[in-house]
Enquirer: 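Sharing a structure below in structure tokens format, with a few things to ask.
Per chain, numbering begins at 1; letters A, B, ... match sequence-line order.
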Protein chains: 2
Amino acid sequence: MQDQLKLDNFICFAVYTASHALNRVYKPLLETLGLTYPQYLAMVSLWEQDGQTVGGLGEKLFLESSTLTPLLKRLETAGYVRRERSREDERVVVIRLSEEGIRLKEKAIGIPGCIAAASGRDAVDLTRLQAEIVALREALNRSVV
Amino acid sequence: MQDQLKLDNFICFAVYTASHALNRVYKPLLETLGLTYPQYLAMVSLWEQDGQTVGGLGEKLFLESSTLTPLLKRLETAGYVRRERSREDERVVVIRLSEEGIRLKEKAIGIPGCIAAASGRDAVDLTRLQAEIVALREALNRSVV
DNA sequence: CGTTTTTATATCGCGCACGATTTATTATCG
DNA sequence: CGATAATAAATCGTGCGCGATATAAAAACG
């Protein structure tokens with residue numbers, strides 16, 4: 001049990017460093033789109049469903065408004081989205097893709113394939129691993145609440 | 001192939017959100033030690049091997065000096081480590097645990113068990129998943145270089 | 001042996017990421 | 001209806017995390 005406190009045996013360390021490794025693979029690909037990695041995730045979510053609220057995006061991306069508000073302002077400055085207060089409920093801010101934001105999707109379509117290639121795994125294997133990691137995330141989120 | 005650009009099918013998104021979920025589980029545990037999560041990882045590495053250089057730590061933790069230098073200064077301010085320039089090579093900074101830093105290990109010993117419990121998996125299963133994620137990280141790191 | 005190159009760390013600027021708080025709006029309750 | 005509570009974003013302060021650059025020391029070279 002000596003190795004209880006060895007870094008290489010930490011699932012957390014594996015996830016932490018894998019996350020950084022993914023970021024490093026993504027960075028050069030996303031630079032061509034003028035996006036950071038979290039900005040890219042927000043765009044992907046908006047391509048799936050346009051007109052989401054800040055809170056709705058936060059729930060999907062597991063991010064707080066304190067993270068999203070400045071991020072979305074940068075996306076607005078970049079010209080990819082518009083931020084509009086809802087008329088029905090003035091507390092809510094709705095995020096809508098601009099024309100340029102919609103067009104960006106075409107340039108982004110190839111990225112997941114690049115990542116899959118870099119991972120050196122086939123699609124089936126990746127899907128299985130991805131499901132396992134999601135299950136881990138869900139178990140952890142349940143334990144906090 | 002419509003779902004090529006769906007967030008839930010992204011391995012990167014799974015890892016990204018799992019990493020945040022782990023951080024949320026760790027946070028309250030680490031607060032009792034007065035450490036952040038990256039600081040904790042640095043301490044674990046030092047408990048394994050005291051007297052590492054900034055560069056050596058960076059290689060183990062996959063972090064740059066621009067991240068580590070301020071982090072280690074904060075650990076020094078907290079009284080857990082000392083930063084000393086090597087006499088043989090004045091470019092190198094060696095990090096040594098203080099008495100308090102050494103003692104902290106006892107308080108940290110139970111944390112991995114808490115995380116394992118929160119994950120809801122047995123040790124064997126966690127080890128297997130951890131190895132898979134490490135393999136993913138290594139494949140990604142190879143593809144960048 | 002002096003110049004150039006390499007190496008190790010530090011500094012700077014930017015963008016997350018979060019907890020705590022603030023502000024504005026809506027909902028609830030007596 | 002008016003006071004209170006709840007909700008949605010925004011703001012603020014702190015700590016990563018990295019690329020680019022700076023600084024200083026050591027190594028390599030002619």
Enquirer: Extract, from 5' to 3' on DNA chain D, the first and final nucleotides lying under 4.0 angstrom from some heavy atom of chain B.
Expert: dG15(D) to dA26(D)
Enquirer: Which distance, rounded to the nearest 0.5 Å, do you find between the CD of Glu48(B) and the NZ of Lys60(B)?
Expert: 6.0 Å
Enquirer: Report the distance from atom CD of Glu64(B) to atom P of dC12(C), rounded to the nearest whole Å.
Expert: 18 Å
Enquirer: Identify whether any heavy atom of Leu68(A) sits under 4.0 Å from a base atom; if not, whether one sits that close to sugar-phosphate; answer base, sugar-phosphate or nothing.
Expert: nothing
Enquirer: Round to the nearest Å and state the distance from Glu76(B) atom CD to dT9(C) atom P.
Expert: 14 Å
Enquirer: Are Phe10(B) and Tyr16(B) an aromatic pair by the rule of ring centers under 6.0 Å?
Expert: no
Enquirer: Contacts to DNA chain D from residues 78-93 of chain A, heavy-atom cutoff under 4.0 Å, which residues?
Expert: Arg83(A), Arg85(A), Arg91(A), Val92(A), Val93(A)
Enquirer: Between Arg74(A) and Ser66(B), which is nearer to the 5' end of DNA chain C once each is assigned its nearest nucleotide?
Expert: Ser66(B)
Enquirer: Quick one: pull up OG1 in Thr69(B) and CD in Glu64(B) and give me the separation to the nearest 0.5 Å.
Expert: 10.5 Å
Enquirer: In this structure, would Val94(A) and Ile102(A) fall into the same cluster of hydrophobic residues linked by side-chain contacts under 4.5 Å?
Expert: no
Enquirer: More than 12 heavy atoms of other residues, nucleotides or ligands under 6.0 Å from CD of Glu138(A): is that the case?
Expert: yes
Enquirer: Distance check: side-chain N/O of Thr67(A) vs OP1/OP2 of dC18(C), anything under 4.0 Å?
Expert: yes
Enquirer: Which heavy atom of Leu71(A) sits nearest to which heavy atom of Ala42(A), and what is that distance?
Expert: CD2-CB, 4.1 Å
Enquirer: Return the residues of residues 37-58 of chain A meeting this criterion: a heavy atom under 4.0 Å from some atom of DNA chain D. Order them by number, or give none.
Expert: Thr53(A), Val54(A), Gly55(A)
Enquirer: Using a 4.0 Å heavy-atom cut-off, does Thr36(A) contact any base of the nucleic acid, only the sugar-phosphate backbone, or nothing at all?
Expert: sugar-phosphate
Enquirer: Are Val134(B) and Val44(B) linked, directly or through intermediate hydrophobic residues, by side-chain heavy-atom contacts shorter than 4.5 Å (ILVMFWY only)?
Expert: no
Enquirer: More 5' along DNA chain D: Glu31(A) or Val94(A), using each one's nearest nucleotide?
Expert: Val94(A)
Enquirer: In terms of side-chain geometry, is the basic nitrogen of Asp89(B) or Arg91(B) positioned less than 4.0 Å from the acidic oxygen of its partner?
Expert: yes
Enquirer: Any N or O donor-acceptor pair under 3.5 Å from the base of dA10(C) to the side chain of Ser65(B)?
Expert: yes
Enquirer: With the threshold set at under 4.0 Å for non-hydrogen atoms, list the residues of residues 20-28 of chain B touching DNA chain D in residue-number order.
Expert: none
Enquirer: Which pairs, with at least one residue in residues 95-105 of chain A and sequence neighbours excluded, count as a side chain to side chain donor-acceptor pair (under 3.5 Å)?
Expert: Glu84(A)-Arg96(A)
Enquirer: Go through it in stages, so that I can follow the logic: the residues are Leu75(B) and Arg83(B), the test is side-chain contact (heavy atoms from CB on, under 4.5 Å), and I'd like the CA-CA distance, side-chain angles, deciding distance and then a yes or no.
Expert: CA-CA 10 Å; Leu75(B) 283 179; Arg83(B) 298 162 59 250; over 6 Å; no
Enquirer: Applying side chain to side chain donor-acceptor pair (under 3.5 Å), which residue pairs with at least one partner in residues 116-137 of chain B are found, sequence neighbours left out?
Expert: Thr17(A)-Arg137(B), Arg128(A)-Glu132(B), Glu132(A)-Arg128(B), Arg121(B)-Asp125(B), Asp125(B)-Arg128(B), Arg128(B)-Glu132(B)
Enquirer: Using 30° and 60° as the class limits, which term best fits the ring planes of Tyr40(B) and Trp47(B): parallel, tilted or perpendicular?
Expert: perpendicular
Enquirer: Check Val92(B), Val93(B), Thr53(B) against Ser86(B) for a side-chain contact (heavy atoms from CB on, under 4.5 Å) and give me the one that passes.
Expert: Val92(B)
Enquirer: Output, in order, the C-alpha distance, side-chain angles, deciding distance and verdict of side-chain contact (heavy atoms from CB on, under 4.5 Å) for Ile133(B) and Val15(B).
Expert: CA-CA 9 Å; Ile133(B) 297 170; Val15(B) 173; 5.8 Å; no
Enquirer: How long is the line joining CG of Leu71(B) and P of dT9(C), in whole Å?
Expert: 15 Å
